Colleague: 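Have a look at this one.
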Protein chains: 2
Amino acid sequence: MRQIAADVGVQAGALYNYTPDKQSLLFDLMKTHMDELLEAWQAEKSDGTPLDRLEVFTRFHIRFHLDRPDAVFIAYMELRNLSPENFAAIEALRKRYEDELEQILSDGKQAGVFHQPDTKLATLALIAMLTGVTTWYRGDGRLTREGVADLYWDMVRKAVGA
Amino acid sequence: MRQIAADVGVQAGALYNYTPDKQSLLFDLMKTHMDELLEAWQAEKSDGTPLDRLEVFTRFHIRFHLDRPDAVFIAYMELRNLSPENFAAIEALRKRYEDELEQILSDGKQAGVFHQPDTKLATLALIAMLTGVTTWYRGDGRLTREGVADLYWDMVRKAVGA
DNA sequence: GTCTATACTCTGATAGAC
DNA sequence: GTCTATCAGAGTATAGAC
């Protein structure tokens with residue numbers, strides 16, 4: 001709390017005018033992140049073919065996460081420091097996001113364009129693969145953000161047999 | 001440290017007969033984990049075709065990580081608590097492991113059986129995808145460990161165009 | 001709304017007896 | 001090798017002045 005206070009230019013005690021305690025502050029950070037993720041996806045998602053929707057999801061996920069490395073880091077690494085109730089709330093939001101991808105994969109399989117044997121596992125596997133980009137991508141590296149998205153999309157597409 | 005001491009049945013001070021400080025204890029845990037990973041892989045790897053080697057790697061990675069959920073959790077979540085020198089040492093070991101997969105993918109591409117456009121990115125993407133299994137797999141769930149490995153292998157194989 | 005001051009607790013680590 | 005006792009520092013949070 002002292003470190004946060006120093007970064008925003010006040011003394012530690014002054015922070016408690018804005019948050020009742022540290023746990024609430026962490027929860028608000030994570031909840032805001034997940035709300036923004038879901039809201040941004042609702043604004044981005046389209047009604048095309050399953051293949052198109054999967055590509056939109058893939059590129060959206062990479063772009064959104066690369067735009068917010070700090071929030072993503074917190075959202076994954078601080079889960080264990082949430083109270084049980086707060087953890088459940090964040091997990092529910094995460095599940096809603098996973099369901100968006102699962103629905104695309106499910107529709108694609110039904111349409112005969114995707115061929116994953118297990119849609120639920122494919123959902124989790126693809127999200128893990130895509131989110132991993134935040135652990136290694138650096139803006140000054142050899143690949144542009146668009147280049148990275150192209151490469152991930154190639155793998156996603158193939159992984160579901162499209 | 002008091003919590004660890006309580007779990008092993010001694011007082012906190014007694015732990016310092018076994019480790020000079022907490023940082024060393026964490027580093028030793030993570031280093032041991034990485035050493036075991038590399039050693040186990042050396043014992044497991046074979047000389048077959050790239051496709052066979054990739055399958056062996058996939059199944060090995062899943063099995064090894066599902067066998068050690070606690071060590072895996074620490075190895076990923078506590079990286080930020082390592083001193084810079086210790087972090088560099090662990091990262092070097094991690095890189096050696098990644099290089100094992102990268103070599104397989106590289107050989108497969110050269111042989112014309114894999115078709116990933118970017119071998120380095122494919123390496124990181126696949127490891128992230130596979131390691132993700134530890135965040136959701138539960139032994140009492142609907143899938144057996146072998147079933148999970150089969151499903152991941154199907155996705156890995158397709159993702160590299162094999 | 002921010003400050004200073006401080007209460008209270010926890011933490012890693014050490015000292016010295018046994 | 002373990003214990004008890006304790007230190008020094010950091011942590012979250014609160015009180016009261018301005």
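Source: prediction; values computed, not measured. The sequence lines fix the lettering, A, B, ..., with proteins before strands; numbering per chain opens at 1.
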Colleague: To the nearest Å, give me how far apart OH (B:Tyr16) and C1' (C:dG16) are.
Modeller: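 Those two atoms, OH and C1', are 17 Å apart.
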
Colleague: Using distance alone, with no hydrogens and no angle criterion, decide if B:Gln110 and B:Asp107 have a side-chain donor and acceptor under 3.5 Å apart.
Modeller: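 Per modelled atom types, B:Gln110 and B:Asp107 side chains form no pair under 3.5 Å.
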
Colleague: Separation of B:Gln11 atom CD from D:dT6 atom C1', in whole Å?
Modeller: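 In whole Å, D:dT6 C1' lies 14 Å from B:Gln11 CD.
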
Colleague: Using whole Å, what does the distance between atom P of nucleotide C:dG12 and atom OH of B:Tyr18 come to?
Modeller: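 So the OH-P distance, B:Tyr18 to C:dG12, works out to 19 Å.
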
Colleague: Should B:Val10 and B:Tyr18 count as side-chain neighbours, where that means a heavy-atom distance under 4.5 Å?
Modeller: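 The answer is no; the side chains never approach within 4.5 Å.
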
Colleague: Using whole Å, report how far CD1 of B:Ile4 lies from P of C:dA13.
Modeller: 11 Å

Colleague: Please report the distance, rounded to the nearest Å, between CG in A:Leu15 and P in C:dT4.
Modeller: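 Rounded to the whole Å, the gap is 14 Å.
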
Colleague: Rounded off to whole Å, could you give me the CE-to-P distance for the B:Met1 and C:dA13 pair?
Modeller: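 My rounded result for the distance is 6 Å.
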
Colleague: Nearest-Å distance, CG (A:Asn17) to C1' (C:dG1)?
Modeller: 6 Å

Colleague: Do B:Arg94's NZ or CZ and the ring of B:Tyr76 fall within the cation-pi criteria of under 6.0 Å and 45°?
Modeller: yes

Colleague: Could you work out which one of D:dT2, C:dT2, D:dA13 sits closest to the side chain of A:Arg2?
Modeller: D:dA13

Colleague: From the options B:Lys45, B:Arg53, B:His61, select the one residue that forms a side-chain hydrogen bond (donor to acceptor under 3.5 Å, both in side chains) with B:Glu100.
Modeller: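 Single side-chain hydrogen bond (donor to acceptor under 3.5 Å, both in side chains) partner of B:Glu100 among B:Lys45, B:Arg53, B:His61: B:Lys45.
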
Colleague: On DNA chain D, does the nearest nucleotide to A:Gly13 precede the nearest nucleotide to A:Gln3 from the 5' side, or the other way round? Give the residue.
Modeller: A:Gln3

Colleague: Whole angstrom is fine here: how far is it from NZ in A:Lys22 over to C1' in D:dA10?
Modeller: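 It works out to 11 Å between those atoms.
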
